[in-house]
J.: 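Questions regarding the structure given below will be posed in turn.
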Amino acid sequence: MLKVLACVIRRDLLLAFRRRSDLLATVFFFALVVMLFPLGVGPEAGLLRSMAPGIVWVAALLASLLSLGRLFALDFADGTLEQMALSAEPLVLIVLGKVLAHWLVAGVPLVMLSPVLALQFGLPGAAIQVLCLGLLIGTPILSLLGAIGSALTLGVRGGGVLLALLVLPLYVPVLIFGAGAVQAQASGLDAAAHMLLLGGVLAGALALAPWATSAALRIALE
């Protein structure tokens with residue numbers, strides 16, 4: 001099973017790096033959204049520090065959403081997804097591999113970029129560490145929950161808008177716990193409770209989302 005999982009991840013990573021423009025679009029979108037906010041809000045340091053957690057997390061949610069439409073669409077268009085569903089390997093395992101590959105190309109770059117972008121808001125070092133750790137836990141949740149929406153809207157006309165309407169409400173707990181952890185740390189409080197809740201959401205999403213996504217894909221392929 002691990003060999004199948006590794007093969008799916010390697011395949012999707014190779015395809016993603018052949019379409020570097022898609023990969024770079026997600027990263028540039030995240031960076032631009034975060035960098036534009038200080039220009040609109042103004043240079044007041046206290047206001048920027050208080051808004052920073054929400055801005056970075058909302059930008060991460062939108063950037064992740066931007067790349068979700070391609071998670072299954074290309075394989076669905078050329079028939080590869082149907083062959084995967086008919087193969088002897090569990091579709092849940094294939095879905096998990098594709099979601100992990102999506103996180104590696106769409107989530108990890110955001111985590112790596114966030115400390116640099118957070119510096120312009122004047123966040124203290126401890127808060128930046130919590131921000132990075134929160135994104136490291138939260139971005140896999142975005143990919144897992146987003147995969148459900150991507151599968152449900154597969155082949156639907158205007159699926160991009162519908163995908164946003166389906167997925168964004170599911171992202172609300174991630175946004176609350178992730179931004180709340182940074183806010184608590186920046187205020188001198190303990191961020192552990194927020195991080196534990198975020199970890200609980202990740203565990204739940206990891207256990208349930210691949211199954212829900214697989215069921216949605218089978219419905220879409222019928």
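Quick caveat, the model's predicted, so the values are computed rather than measured.
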J.: Working to the nearest 0.5 angstrom, can you tell me the gap between Glu89 CD and Ile94 CD1?
T.: 6.5 Å
J.: What residues, two or more places apart in sequence or in another chain, satisfy side-chain hydrogen bond (donor to acceptor under 3.5 Å, both in side chains) together with Thr80?
T.: Asp78
J.: Who else is in the cluster with Leu24 when I, L, V, M, F, W and Y are joined by side-chain contacts under 4.5 Å?
T.: Phe28
J.: Considering only residues two or more places apart or on different chains, which pairs with a residue in residues 36-50 satisfy side chain to side chain donor-acceptor pair (under 3.5 Å)?
T.: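 Matches after skipping sequence neighbours: none remain.
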J.: If hydrophobic residues (ILVMFWY) are linked whenever their side-chain heavy atoms come closer than 4.5 Å, directly or via other members, who joins Leu165 in its cluster?
T.: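 Answer for Leu165: Val161.
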J.: Which pairs, with at least one residue in residues 142-152 and sequence neighbours excluded, count as a side chain to side chain donor-acceptor pair (under 3.5 Å)?
T.: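 The answer is His102-Ser143.
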J.: Hey, what else clusters with Val92 if you join Ile, Leu, Val, Met, Phe, Trp, Tyr whenever side-chain heavy atoms sit under 4.5 Å?
T.: Trp211
J.: Which residues pass the side-chain hydrogen bond (donor to acceptor under 3.5 Å, both in side chains) test with Arg218, not counting sequence neighbours?
T.: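 Per chain and number, Arg218 pairs via side-chain hydrogen bond (donor to acceptor under 3.5 Å, both in side chains) with no residue.
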J.: Can you name the side chain to side chain contact (heavy atoms under 4.5 Å, CB included) partners of Leu104, sequence neighbours left out?
T.: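 Ile9, Leu13, Val108.
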J.: Kindly give the cluster partners of Leu39, where membership spreads through any ILVMFWY side chain lying under 4.5 Å from a current member.
T.: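 Other cluster members: Leu36.
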J.: Quick test of your reading: applying side chain to side chain donor-acceptor pair (under 3.5 Å), list the pairs with at least one residue in residues 119-142, sequence neighbours left out, ordered by first then second residue.
T.: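 As it turns out, the side chain to side chain donor-acceptor pair (under 3.5 Å) pairs with a partner in residues 119-142, which skip direct neighbours, are Trp103-Thr139.
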J.: Arg70: what forms a side chain to side chain contact (heavy atoms under 4.5 Å, CB included) with it, not counting sequence neighbours?
T.: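 For Arg70 the side chain to side chain contact (heavy atoms under 4.5 Å, CB included) partners, ignoring immediate neighbours, are Asp22, Thr26, Ser67.
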J.: Would you tabulate the side-chain donor-acceptor contacts of residues 169-194 under 3.5 Å, counting partners in other chains and residues two or more places apart, or write 'none'?
T.:
| unit_1 | atom_1 | unit_2 | atom_2 | d |
| --- | --- | --- | --- | --- |
| Tyr171 | OH | Leu142 | O | 2.7 |
| Ser187 | OG | Gln183 | O | 2.8 |
| Asp190 | OD1 | Ala192 | N | 3.0 |

